[in-house]
Novice: 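There's a structure below that I have some questions on.
Nothing here was measured: the structure is a model prediction, and the numbers come from that model.
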Amino acid sequence: MNRDRNSHTEDKKGAYGMQSLIRLYFQMPLFLRLLTTVLFTMSLFGLIIHIIEPQNFPTFFDGLWWAFVTGATVGYGDYVPLSATGKIIAILLILSGGGLLTFYMATVSASTVKHEHDLSEGKVAFKGSDHLVIIGWNERTRHLINMLDAQNLHERIVLIDQSMNQLLDNHSSVHFVRGSATNEEILEQANLNEARMAIITADPSLEEEHSDQAVIHQIVSLKGHHPGLFIIAEVLTERQKINAERAGANTVIRSNDFMSSLFYQELYRNDPVKPFELLLGLLTERQFHEEKIKEDLAGKSIMNAFQHFLKDHYQIIGIKKGEDLSFDLHPDIVLEEGDVLVVFSPLRK
């Protein structure tokens, strides 16, 4: 009685184990299922032909090689079954294995094409980390990406935009995610939790007030998803700057104020220098940087600092003493430890 009960228990365990294997097989991705089926089928035919004709197929590997060559319809002819049983096995292999291998290759090709298509349409999740997230595709975004590429910074960029159906520009460093930055699923797809920094650009297709409101909503969404994320946000109106900061933006750029200043400079210049072209070239090749005065320069004239930093191609343009920032530099300025010099430095890579 106990023996029958134990036998019944073993049968149940065997059936459960088989069900688990079948469930695992069908839970695998199609590519792995096909690869597993191909390997199993070729191994089975290789083992059978090795058992039936050991003189013509001395090892299992010889049989496996013959099975793959025959199933792929290559037919090198280095191993050939001679018996009637062996030839019947070969016929069955051609009927089953040939179609299976063809279907496998077609599936792999179709999957590759589909993945490339989904990638260009922004449907593929980004798996990297320490990347830069840029929200909104526009001329400013395009120029920024071109600058990063030109400087060979090898920055990994995830672009989130809902206005494009696919990313047409060829940027190998850019991973496109189509959708709204206020959508949690899109932020997950952009792997925002692993991002280093985010830039939110204003939408030029909207009215200024609506554009700024959209930027603020995106800041709130990004901070809610990743509270520690450093965010640079662009707003178009001065009155929304404080709201963007309250929402969590670390840096707020007021692009309209900047452009107004450039218009003023261009309007009232009285020499051949073109402020816009000059500033554009300067910001393209150099960047703002701060340098704290250390003990070796403390108590000395600012002229010593000019000579010191020129060795590293730094150009001093201002000085901060406490909370006071001044661009009025003169030789009588005496440096104190803790002062901060505002300099233009070469672009850091």
Novice: How far apart are the C-alpha atoms of Phe45 and Thr41, what are their side-chain angles, what is the distance that settles it, and do they pass the side chain to side chain contact (heavy atoms under 4.5 Å, CB included) test?
Specialist: CA-CA 6 Å; Phe45 276 99; Thr41 303; 3.8 Å; yes
Novice: Look only at the side chain of Glu53 and the backbone of Ser83, and say whether a donor-acceptor pair between them is shorter than 3.5 Å.
Specialist: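 Answer holds: yes.
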Novice: Check this for me: does any side-chain nitrogen of one of Glu194 and Lys127 sit under 4.0 Å from a carboxylate oxygen of the other?
Specialist: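 No.
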Novice: Write down the atom of Glu184, the atom of Ser221, and the distance for their closest heavy-atom approach.
Specialist: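 Minimum heavy-atom separation between Glu184 and Ser221: OE2-O, 4.4 Å.
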Novice: Does the side chain of Asp161 pick up a donor-acceptor pair with the side chain of Ser163 at under 3.5 Å?
Specialist: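 Note: Asp161 and Ser163 side chains meet the donor-acceptor criterion.
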Novice: Which atom names give the shortest non-hydrogen contact between Ala198 and Leu222, and what distance separates them?
Specialist: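 Closest heavy-atom pair between Ala198 and Leu222: CB-CD2, 3.6 Å.
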Novice: Regarding Glu238 and Lys241, does a basic nitrogen lie under 4.0 Å from an acidic carboxylate oxygen?
Specialist: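 The answer is no: the pair does not qualify as a salt bridge.
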Novice: Any donor-acceptor pair under 3.5 Å linking the side chain of Glu234 with the backbone of Ala202?
Specialist: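 Answer holds: yes.
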Novice: Is Thr251 reaching over with its side chain to a backbone N or O of Ile232, donor-acceptor style, under 3.5 angstrom?
Specialist: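 Checked: no pair found.
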Novice: Assess whether side-chain hydrogen bond (donor to acceptor under 3.5 Å, both in side chains) is satisfied between Gln213 and Gln240, documenting all intermediate values.
Specialist: CA-CA 8 Å; Gln213 290 174 2; Gln240 291 295 346; over 6 Å; no
Novice: A quick test of your reading: do over 12 heavy atoms of other residues, nucleotides or ligands sit less than 6.0 Å from CZ of Phe61?
Specialist: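 Counting other residues, nucleotides and ligands, CZ of Phe61 stays at 12 neighbours or fewer.
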Novice: Are the side chains of Ile319 and Leu335 in touch, meaning some heavy atoms are under 4.5 Å apart?
Specialist: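 Yes, their side chains come closer than 4.5 Å.
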Novice: Indicate, with yes or no, if Leu192 and Val220 share a hydrophobic cluster defined by side-chain heavy-atom contacts under 4.5 Å among Ile, Leu, Val, Met, Phe, Trp and Tyr.
Specialist: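 In one cluster: no.
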Novice: Can you tell me if Phe40 has over 12 outside heavy atoms packed within less than 6.0 Å of its CZ?
Specialist: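 No - once you tally the heavy atoms of other residues, nucleotides and ligands closer than 6.0 Å, there are 12 at most.
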Novice: Let's go through Thr182 and Ser180 carefully: what are the C-alpha distance in whole Å and the side-chain angles of both, what is the deciding distance for side-chain hydrogen bond (donor to acceptor under 3.5 Å, both in side chains) to 0.1 Å, and is it a yes or a no?
Specialist: CA-CA 5 Å; Thr182 59; Ser180 171; 2.7 Å; yes
Novice: Quick one: closest heavy-atom pair of His225 and Glu188, and the distance?
Specialist: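 Heavy atoms only, the tightest pair is CE1-OE2, 3.3 Å.
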Novice: Verify the neighbour count for atom NZ of Lys292: are there more than 12 heavy atoms of other residues, nucleotides or ligands below 6.0 Å?
Specialist: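 No, the 6.0 Å shell around NZ holds no more than 12 heavy atoms from other groups.
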Novice: Are Val340 and Ile316 connected, step by step, through hydrophobic side chains (Ile, Leu, Val, Met, Phe, Trp, Tyr) whose heavy atoms are closer than 4.5 Å?
Specialist: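 No, it is not one cluster - the side chains of Val340 and Ile316 are not joined through contacts under 4.5 Å.
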Novice: Test Ser173 against Asp149 for side chain to side chain contact (heavy atoms under 4.5 Å, CB included), laying out the working first.
Specialist: CA-CA 8 Å; Ser173 61; Asp149 288 344; 3.4 Å; yes
Novice: Say whether Trp66 and Leu64 are linked into one hydrophobic cluster, either directly or through other cluster members, by side-chain heavy-atom distances under 4.5 angstrom.
Specialist: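 Same cluster: Trp66 reaches Leu64 through Ile, Leu, Val, Met, Phe, Trp or Tyr contacts under 4.5 Å.
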Novice: Evaluate Asn191 against Val158 for side chain to side chain contact (heavy atoms under 4.5 Å, CB included), listing each step before the verdict.
Specialist: CA-CA 9 Å; Asn191 201 14; Val158 174; over 6 Å; no
Novice: Is the backbone of Leu187 close enough, under 3.5 Å, to the side chain of His226 for a donor and an acceptor to pair up by distance?
Specialist: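 It does not hold such a pair.
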Novice: Indicate, with yes or no, if Leu206 and Val215 share a hydrophobic cluster defined by side-chain heavy-atom contacts under 4.5 Å among Ile, Leu, Val, Met, Phe, Trp and Tyr.
Specialist: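 In one cluster: no.
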Novice: I'd like to know if the side chain of Lys223 and the backbone of Leu229 have a donor-acceptor N/O pair within less than 3.5 Å.
Specialist: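 Judged by distance alone, yes, a pair lies under 3.5 Å.
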Novice: Could you check if a side-chain atom of His50 sits within less than 4.5 angstrom of a side-chain atom of Asp62, using non-hydrogen atoms only?
Specialist: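 They are not in contact (no side-chain heavy atoms under 4.5 Å apart), so the answer is no.
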Novice: Find out whether Phe68 and Leu39 are in side-chain contact, i.e. whether some heavy atom of one side chain is under 4.5 Å from a heavy atom of the other.
Specialist: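 Phe68 vs Leu39: side chains touch.
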Novice: Please check this pair: side chain of Asn250 against backbone of Ile231, looking for a donor-acceptor N/O pair closer than 3.5 Å.
Specialist: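 Flag set: sc Asn250 to bb Ile231 pair under 3.5 Å.
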Novice: Should Trp65 and Asp78 be marked as a side-chain hydrogen bond (donor to acceptor under 3.5 Å, both in side chains) after you check the CA-CA gap, both sets of side-chain angles, and the distance that decides it?
Specialist: CA-CA 10 Å; Trp65 167 255; Asp78 49 351; 2.8 Å; yes
Novice: Do Asn138 and Thr141 pass the side-chain hydrogen bond (donor to acceptor under 3.5 Å, both in side chains) test, and can you show the C-alpha distance, the side-chain angles, and the key distance before you say yes or no?
Specialist: CA-CA 5 Å; Asn138 46 57; Thr141 303; 3.1 Å; yes
Novice: If Ile, Leu, Val, Met, Phe, Trp and Tyr residues are connected whenever their side-chain heavy atoms lie under 4.5 Å apart, and connections chain through other members, are Ile302 and Ile293 in the same group?
Specialist: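 Same hydrophobic cluster.
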Novice: Identify the heavy atoms of Leu132 and Leu148 that sit nearest to each other, and give their distance.
Specialist: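 Looking at all heavy atoms of both residues, the closest pair is CD2-CD1, 4.2 Å.
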Novice: Please determine whether a side-chain nitrogen of the Lys or Arg among Glu208 and Arg239 lies less than 4.0 Å from a carboxylate oxygen of the Asp or Glu.
Specialist: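 Judged by the 4.0 Å cut-off on N to carboxylate O distance, Glu208 and Arg239 do not form a salt bridge.
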Novice: Counting only heavy atoms not in Glu185, do more than 12 fall under 6.0 Å of its CD?
Specialist: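 No - once you tally the heavy atoms of other residues, nucleotides and ligands closer than 6.0 Å, there are 12 at most.
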Novice: When you measure from the side chain of Asp212 to the backbone of Val235, do you find a donor-acceptor pair of N or O atoms at a distance under 3.5 Å?
Specialist: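 Not at all, since once roles are kept as given, no pair shorter than 3.5 Å links the two residues.
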Novice: For residues Val252 and Ala249, report the shortest heavy-atom separation together with the two atoms involved.
Specialist: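 Heavy atoms only, the tightest pair is CG2-CB, 3.9 Å.
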Novice: Where the side chain of Ser345 meets the backbone of Tyr314, is there a donor-acceptor pair that is under 3.5 Å apart?
Specialist: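 Answer holds: no.
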Novice: Is Arg196 close to Phe230 at the side-chain level, that is, under 4.5 Å between some pair of heavy atoms?
Specialist: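 Not touching, per the 4.5 Å side-chain cut-off.
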Novice: Verify side chain to side chain contact (heavy atoms under 4.5 Å, CB included) between His175 and Val124, making sure each step is shown before the conclusion.
Specialist: CA-CA 9 Å; His175 183 100; Val124 178; 4.2 Å; yes
Novice: Quick one: does His131's side chain have a donor or acceptor within less than 3.5 Å of a partner on Arg156's backbone?
Specialist: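 The answer is no, because no donor-acceptor pair under 3.5 Å joins these two groups.
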